[in-house]
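Order of the sequence lines fixes the chain letters, A, B, ..., with proteins taken first and strands second; residue numbering starts at 1 for each chain.
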Amino acid sequence: MLRHLVKRFLWSLFDLLIIVTITFILTYLLPGDPARTIAGPHATLADVLRIRRQLGLDAPLYVQYGRYLWNLVHLNLGTSIEFGTPVLSDILAKFPATALLAATGVIWELILGLPLGVFSAIRRGGVLDQISSTLSMAAIAMPQFWVGIILLFVLAFKFHLFPLGGYGTPVLWYAFLPGLTLGIGGAAYYQQLIRSRVLEVLPQQYIATARAKGLSERQVLLRHVMPQVLTTLITQIGMDAGYFMAGVVVVETVFGWPGIGLQAWTAIQALDVPLVIGTVLFGAFWIVLANFVVDSIYGLLDPRIRLR
Amino acid sequence: MNIAQQEPSSIAPRRPRLSPRQRRRYMRFALWAIVVLAIVAVAMLAPSISPHNPDKLFSNGLTPSGMPLGPSKEFPLGTDQFGRDELSRLLWGGRPALLISGLASVFSSIVGIVLGTAAGYFGGWVDTVISRFVNILMSFPLTLFAVAIVLIVSPSILNLIVIIAVIYWTYTARLVRAEVLTLREQDFVAAAHALGCSPWRLMVKHLMPNVFDTVLVRAVLTMAQVFLLESGLSYLGVGVQPPTPDWGLMIAQSQNYYGSDPGLVIYPGLAIVITVIAVTQLGESYRALKRRT
């Protein structure tokens with residue numbers, strides 16, 4: 001088991017190295033001169049050259065790459081062009097809001113997706129199955145920003161049940177609609193995933209055995225079906241959490257939710273490349289981490305995986 | 001296969017009767033194929049069927065206070081906030097997203113099937129390199145990554161297609177690789193190999209045809225996902241640029257008028273939802289059709 005973990009960990013580090021290299025290439029390919037942007041429109045050529053030297057942009061490519069890696073190892077993601085502050089501290093300042101939104105989104109996915117998926121599988125072809133399967137088909141096809149705008153308009157603007165976006169106290173009241181918007185698509189996906197997983201498990205022999213030995217349907221479900229579903233579910237939740245932490249640009253933009261996604265979007269308007277690339281890198285880090293954690297948990301739950 | 005075809009048709013029944021279940025599947029597939037064809041037809045014929053030029057700012061298209069008009073004889077669905085005909089913009093608005101999602105899906109499928117087959121067939125270091133690269137590309141936060149690249153290369157339709165294809169081939173490749181891994185163990189591959197078939201020929205003639213259905217379904221589902229991604233990018237302002245009519249962009253530009261004129265947000269949104277459902281269901285119904293049980 002330890003060997004499996006170490007191997008997975010080293011691969012994750014390797015992935016991160018390549019990801020960093022790709023973002024470095026992207027930064028290097030960028031049109032426009034950061035030195036000129038910082039110097040402003042009225043700067044003299046000498047000023048621009050001086051700033052360029054300060055930023056190290058006059059060094060050869062491999063030196064810049066080396067410095068880039070060195071800085072990253074020291075958790076230096078560069079300096080925001082717009083604010084002149086370290087990119088990492090900008091991101092970390094906004095990260096709690098994104099983490100909260102991500103958690104709310106995952107909770108919504110589970111609240112809506114899990115029961116609907118299980119019940120539509122148990123009563124396959126029934127009214128509830130047909131309704132929830134149709135709803136999830138539609139929910140997967142809806143653009144998040146559209147759902148967000150409609151929820152915002154109907155529940156916040158018309159009926160004043162929720163605030164019109166932004167962030168405040170009590171925070172769960174503010175996170176309700178963005179979280180729901182984030183979770184709706186995932187909930188629909190969970191409904192389909194769990195439904196098909198339960199349908200796979202139900203015809204198995206050991207379920208028949210469990211019934212034959214006199215367990216109630218409820219016990220069969222909780223003790224024999226759900227553990228199977230849970231393995232699938234944990235993988236999916238882990239991945240979703242990773243993706244949500246990586247920044248949910250669209251939902252944060254619609255609701256004016258002050259997370260790293262909205263910050264990155266604002267940075268795009270300002271052509272603040274270090275901040276945008278920094279956020280991409282930060283997001284990729286979360287996804288790699290989620291992958292690693294999910295794999296490890298999976299190895300713990302299913303011995304066959306780690307023996308491969 | 002060839003032997004069966006040479007037999008006189010009187011011996012083998014010409015066409016087996018379809019089971020009721022299989023017939024229902026054909027019906028379902030045909031229904032969604034018609035819906036998708038209709039959507040594509042409307043988008044392609046938009047220049048000839050739309051009542052007005054979608055980009056024209058009508059001087060009589062706004063109320064005296066500068067608000068969008070409601071439905072009238074001249075403007076069947078009213079006008080948008082710039083006094084342009086909403087119906088014409090809706091008819092035109094699917095074109096960029098359909099073009100982008102269609103072509104991105106084709107390109108990503110081609111790359112995905114080639115690299116996925118190579119990884120599954122050769123194994124070893126080829127597999128390690130390709131699978132690692134797939135993993136790494138999948139680790140980028142999708143929307144944010146697309147946004148960052150668009151920032152670098154400027155958002156033209158061609159650039160969007162290339163960027164999205166570069167991200168999405170990974171999903172096809174992963175599926176194809178898994179399928180080739182099981183196909184590789186089968187007798188016909190060993191037979192072809194024993195007959196001196198070159199690896200390239202083996203992949204193209206023997207392996208790829210067998211994964212074709214999987215790739216086709218995946219391509220259609222990719223198209224639906226890319227359609228949503230494109231509308232999101234346009235909503236964020238890094239996709240299709242104004243004044244080009246595009247459903248995602250129309251929602252972004254009209255959202256402040258939602259209170260007075262909800263149609264401006266509702267119609268393009270419904271258009272997106274219907275298109276994505278139709279394309280997704282086309283893929284799903286094709287998959288069900290091929291299940292043959």
Subject >> Choice from B:Val265, B:Val147, B:Thr143 maximising heavy atom contacts with chain A below 4.5 Å >> reply: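 The residue among B:Val265, B:Val147, B:Thr143 with the greatest pair count is B:Val265.
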Original post:
Quick one: of B:Phe145, B:Phe140, B:Phe133, B:Tyr235, who has the most non-hydrogen atom pairs under 4.5 Å with chain A?
Top reply: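 Ranked by contacts with chain A, first place is B:Tyr235.
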Could you pull out the closest heavy-atom pair between [X] and [Y], with the gap in Å?
{"X": "A:Ala138", "Y": "B:Val273", "value": "O-CG1, 4.4 Å"}
{"X": "B:Leu228", "Y": "A:Ala141", "value": "CD2-O, 3.5 Å"}
{"X": "A:Ala284", "Y": "B:Pro141", "value": "N-CD, 3.6 Å"}
{"X": "A:Trp146", "Y": "B:Ile251", "value": "CD1-CD1, 3.6 Å"}

What do you reckon, is [atom1] of [X] surrounded by more than 12 foreign heavy atoms closer than 6.0 Å?
{"X": "B:Arg174", "atom1": "CZ", "result": "no"}
{"X": "A:Tyr68", "atom1": "OH", "result": "yes"}
{"X": "A:Arg124", "atom1": "CZ", "result": "no"}
{"X": "B:Tyr286", "atom1": "OH", "result": "yes"}

Heavy-atom contact with chain B under 4.5 Å, split by part of [X]:
{"X": "A:Gln269", "answer": "side chain"}
{"X": "A:Val147", "answer": "neither"}
{"X": "A:Leu16", "answer": "neither"}
{"X": "A:Asn291", "answer": "side chain"}
{"X": "A:Trp286", "answer": "neither"}
{"X": "A:Val280", "answer": "both"}

Original post:
Do the side chains of A:Ile150 and B:Ile266 get nearer than 4.5 Å, heavy atoms only?
Top reply: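 They are in contact (side-chain heavy atoms under 4.5 Å apart), so the answer is yes.
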Original post:
Is the shortest heavy-atom distance from the side chain of B:Gln255 to the side chain of A:Phe153 under 4.5 Å?
Top reply: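 SC-SC contact between B:Gln255 and A:Phe153 ruled out.
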Heavy-atom cut-off 4.5 Å, strictly under: side chain, backbone, both or neither for [X] against chain A?
{"X": "B:Gln225", "value": "neither"}
{"X": "B:Leu229", "value": "neither"}
{"X": "B:Val279", "value": "neither"}
{"X": "B:Ser139", "value": "both"}

At what distance, to the nearest 0.5 angstrom, does [atom1] of [X] lie from [atom2] of [Y]?
{"X": "B:Met138", "Y": "A:Met239", "atom1": "CE", "atom2": "CE", "result": "9.0 Å"}
{"X": "A:Met137", "Y": "B:Thr280", "atom1": "CE", "atom2": "OG1", "result": "8.5 Å"}
{"X": "B:Leu236", "Y": "A:Phe145", "atom1": "CG", "atom2": "CZ", "result": "8.5 Å"}
{"X": "B:Ser231", "Y": "A:Met142", "atom1": "OG", "atom2": "CE", "result": "12.5 Å"}

**OP:** Anything in residues 256-265 of chain A with a heavy-atom distance to chain B below 4.5 Å? Please list those residues in order.
**Re:**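 Near chain B, by residue number: A:Ala264, A:Trp265.
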**OP:** For each of A:Thr253, A:Val250, A:Leu281, A:Ile19, tally heavy-atom pairs with chain B at distances under 4.5 Å, and name the one with the top tally.
**Re:**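 Answer, by heavy-atom pair count under 4.5 Å with chain B: A:Ile19.
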Subject >> Residue selection (most heavy-atom pairs with chain B, distance under 4.5 Å) from A:Val254, A:Ile140, A:Thr23 >> reply: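 Maximum pair count with chain B is reached by A:Val254.
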Subject >> Reference residue B:Asn135; test side chain to side chain contact (heavy atoms under 4.5 Å, CB included); the match among A:Val288, A:Asp15, A:Ile18 >> reply: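 That would be A:Asp15.
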